[in-house]
Amino acid sequence: MADIRDTARVYGRVLRAQVRSQWQYRTSMVLEILGSMVVNGLDIATVFVLFSVTGALGGFTGTEVLLMAALSAASFTVADLVAGSADKLREYVRSGLFDSLLLRPLSALLQLAVITFALRRIGRAVQGVVLYIVALCVADIPWTVERALFAAIVPISGAVFFASLFIGGATVAFWWVESGEVANAFTYGGRDFTSYPSTMYGGWFRDLFTLGIGFGFVAYFPSLVLLGKPDPLGLPTAVAWGSPLVAVVAACVATAFWRFGVRHYRSTGS
Amino acid sequence: MIISARGLRKEFTVSRKVGRFRRERHVVSAVDGVDLTVERGELLGYIGPNGAGKSTTLKMLTGVLTPSAGEVSVCGLEPVAKRTTLARRIGVVFGQRSQLWWDLPLEESFSLLRHIYRVPEGDHAARLKQCTDLLGLDEFQRTPVRQLSLGQRMRGELTAALLHGPEVLFLDEPTIGLDVLSKQAVRTFLADVDKRGDNTVVLTTHDLADIEKLCRRLVVIDHGRVVHDGTLDELHARYRSRRTIVADLDNPWPEGLTLPGAVVTAVEADARRVTLTLDGMAAGEVVAALAQAVSLRDLSVQEPDIEDVVARLYRDES
Ligand SMILES: Nc1ncnc2c1ncn2[C@@H]1O[C@H](COP(=O)(O)OP(=O)(O)O)[C@@H](O)[C@H]1O
Ligand SMILES: [Mg+2]
């Protein structure tokens with residue numbers, strides 16, 4: 001346990017050094033943070049306007065849909081803050097700079113997260129979390145202790161789920177440096193998918209994304225649990241309570257894939 | 001034996017565009033069956049021409065690359081499987097890759113590394129002082145790394161690689177591109193590291209002065225294979241037969257004349273000066289044969305220098 005704390009401290013130090021480096025360019029960073037908060041603020045305003053106009057969507061009321069959208073936003077923006085720069089791996093692989101991560105006595109994945117950490121994303125993450133809290137307040141939730149705990153856990157597990165996607169997508173670079181935005185299409189597509197109730201979609205597409213890939217366990221199923229509603233699509237409520245476990249599975253798959261990828265790292269001739 | 005490699009190989013599949021759409025894949029054997037053992041405290045010069053496979057070998061020894069085949073052990077550990085454990089016990093400088101934090105003062109990199117490697121404060125201070133004295137880091141410790149000259153940065157890299165007291169030091173072209181003074185400083189520093197004998201050092205270099213000054217043992221590789229493993233003297237001895245004889249003659253060299261055990265490599269000065277490269281035969285026999293064939297005015301036997309030896313070695317093997 002003491003060892004884990006020491007290790008965490010080491011990463012903390014490296015992270016602070018990273019932030020200190022970025023702080024040298026603080027004017028542009030502050031502008032970026034403000035800029036992205038404005039853009040994201042507009043996004044949020046759109047969501048509100050959308051729900052006040054159309055109200056119900058896919059069989060859910062406006063505040064219920066808002067809860068799903070907000071949970072998705074909180075999960076995604078927090079994941080984006082922590083792992084959203086994972087696609088920078090491409091540059092590290094292409095240039096061979098990834099070598100230097102492998103030469104240190106630390107996890108290469110955590111180092112990547114730390115050195116590509118983009119402080120400018122912090123604004124959006126804060127907004128995402130605030131939106132979620134607001135949505136929890138306005139939604140009609142039959143509060144219990146279990147639900148309160150669940151409400152605290154699911155944005156974290158949703159973030160873990162998205163972070164796993166970011167990492168899995170980035171790992172492709174070990175084989176395919178030109179992968180470009182393919183992986184991002186997946187993660188950003190996932191964010192958009194999870195922003196709306198799964199009942200809005202139809203057919204095999206819905207089943208594949210909701211259950212097959214597990215996007216339903218980010219915002220849709222957890223929101224049903226919080227709202228105390230059964231799933232119109234028929235997933236047992238007990239399974240919906242297990243949503244955080246899906247994130248654990250996703251994280252395991254992503255790290256296994258990452259390890260496999262690192263062994264295929266080719267470096268560059270020098 | 002602190003490093004051992006048996007039948008070490010690394011293949012890269014590279015694809016090349018042919019025509020507009022078609023891609024052709026072929027396999028490059030960067031390292032093609034290298035056997036290598038290094039004893040504790042040795043300083044090994046790992047040399048070879050560009051593209052010989054030096055860096056690729058070092059990357060497999062340090063756990064960066066997974067070998068395609070073969071066995072490797074460094075400090076008794078399998079590098080890829082035990083990467084992070086091994087990382088604490090080795091120090092690495094790749095000439096073209098920095099271990100330092102680009103935007104931070106050099107001294108901050110050092111203090112971060114102290115935490116990353118969990119070096120006790122006292123040990124860290126002692127090692128840092130030693131490096132500072134030997135490499136003259138004082139003048140630029142507070143300068144952000146991106147503003148350092150290459151020579152200054154390399155001194156920083158060497159220090160960074162040594163601060164955690166590694167058992168083995170891997171240096172990939174540490175003098176490449178440096179100015180004369182920095183080269184000298186790095187060389188003197190490495191000679192000192194070698195003299196203290198605490199570290200095993202594997203050094204790749206192109207610089208023959210590095211080799212002459214530092215490496216008692218040389219492993220020469222070419223096309224991914226070891227072509228020589230021994231001392232510098234043995235390398236000389238092996239190629240001593242390639243001494244040259246330069247003879248000045250009274251009469252022009254008869255065209256087409258050949259001598260057993262030697263090859264005519266140049267005929268100059270109105271055919272009155274001939275250069276013969278010895279090929280396996282002792283110099284005396286060739287001189288005797290030469291004296292019989294032509295009328296000699298003057299004669300000298302020239303020893304190859306290291307530069308020639310290595311250049312020839314590269315040429316022969318390719
Ligand atoms: N990542 C890579 N992908 C493809 N080919 C590579 C890669 N790394 C090295 N090579 C090839 O392997 C050979 C050996 O390279 P390297 O070990 O860097 O040589 P050296 O360090 O001796 O100059 C070269 O032909 C080089 O082009
Ligand atoms: Mg090289």
Side-chain angles (χ1 to χ4, degrees), chain A residues 2-26 29 91-111 114-117 119 174-178 258-270, chain B residues 10-14 28 30 50-51 53-56 58-60 62-67 79-105 108-109 111-118 144-146 160-161 164 170 172-173 176 204:
Chain A
D3 194 51
I4 292 176
R5 221 175 35 233
D6 282 353
T7 309
R9 233 178 248 148
V10 169
Y11 287 107
R13 263 177 208 284
V14 181
L15 181 63
R16 281 208 298 281
Q18 190 60 34
V19 171
R20 262 202 314 282
S21 303
Q22 290 176 25
W23 199 239
Q24 297 185 3
Y25 313 97
R26 53 183 158 272
M29 190 166 65
E91 289 157 35
Y92 284 78
V93 167
R94 189 203 316 265
S95 62
L97 275 178
F98 192 70
D99 286 9
S100 29
L101 305 196
L102 292 177
L103 293 171
R104 296 211 180 109
L106 299 174
S107 143
L109 181 56
L110 290 178
Q111 284 184 82
V114 164
I115 60 172
T116 59
F117 180 78
L119 193 57
F174 286 119
W175 295 271
W176 188 23
V177 182
E178 313 297 331
W258 166 267
R259 290 227 172 89
F260 183 66
V262 170
R263 293 194 175 212
H264 286 84
Y265 172 57
R266 302 162 45 119
S267 185
T268 53
S270 57
Chain B
K10 183 71 191 178
E11 292 172 347
F12 293 108
T13 311
V14 290
V28 178
N50 250 323
K54 305 181 295 293
S55 301
T56 305
L58 256 53
K59 284 173 194 164
M60 289 192 281
T62 52
V64 170
L65 289 179
T66 311
V80 172
K82 296 274 184 282
R83 181 181 70 74
T84 49
T85 317
L86 182 63
R88 288 180 194 285
R89 296 173 61 178
I90 61 175
V92 186
V93 176
F94 279 117
Q96 286 97 335
R97 308 249 197 281
S98 184
Q99 282 291 328
L100 304 168
W101 278 260
W102 207 238
D103 286 319
L104 299 179
E108 279 197 52
S109 284
S111 101
L112 274 169
L113 288 170
R114 175 171 94 73
H115 289 103
I116 289 175
Y117 287 89
R118 303 189 192 183
V145 172
R146 62 165 190 274
H164 55 288
F170 291 98
D172 194 6
E173 315 244 14
I176 200 164
T204 83

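Every heavy atom of this structure was used, including side-chain atoms; hydrogens, water molecules and symmetry mates were not. Below, chains carry the letters A, B, ... as their sequence lines are ordered, and counting in each starts from 1. Every value quoted in this text rests on a predicted model; they were computed, and no experiment measured them.
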Non-hydrogen atoms of A/Y265 and B/L65 that approach each other most closely
O-CD2, 3.2 Å
What is the distance from atom NZ of B/K59 to atom CZ of A/R266, rounded to the nearest 0.5 Å?
11.0 Å
For the interface with chain A, which of B/T13, B/T85, B/L113 has the highest count of heavy-atom pairs at distances below 4.5 Å?
B/T13
Option in A/L97, A/I115, A/D99 with maximal non-hydrogen atom pairs under 4.5 Å from chain B
A/D99
Side-chain heavy-atom pair B/V64, A/F98 within 4.5 angstrom cut-off:
no
For the backbone of A/L102 and the side chain of B/R83, can you confirm whether one donor and one acceptor N or O come within less than 3.5 Å of each other?
yes
If you count heavy-atom pairs under 4.5 Å between each of B/V92, B/T66, B/T62, B/I116 and chain A, which one has the most?
B/I116
By a 4.5 Å heavy-atom criterion (distance strictly below it), what part of B/R146 contacts chain A: side chain, backbone, both, or neither?
side chain
Decide yes or no for A/S107 and B/T84: does some side-chain heavy atom of the first lie under 4.5 Å from some side-chain heavy atom of the second?
no
Is it the case that the side chains of B/R97 and A/T268 hold a donor-acceptor pair, with the cut-off being a distance below 3.5 Å and no angle test?
yes
Chain A contact via B/Q99 - which portion, at a heavy-atom distance below 4.5 Å:
both
Which atom pair, heavy atoms only, marks the closest approach of B/L104 to A/A17?
CD1-CB, 3.7 Å
State, without any angle test, whether A/T7 and B/R118 hold a side-chain donor-acceptor pair at a distance under 3.5 Å.
yes
Interface check, chain B: of A/R263, A/R9, A/R104, most non-hydrogen pairs under 4.5 Å belong to A/R104
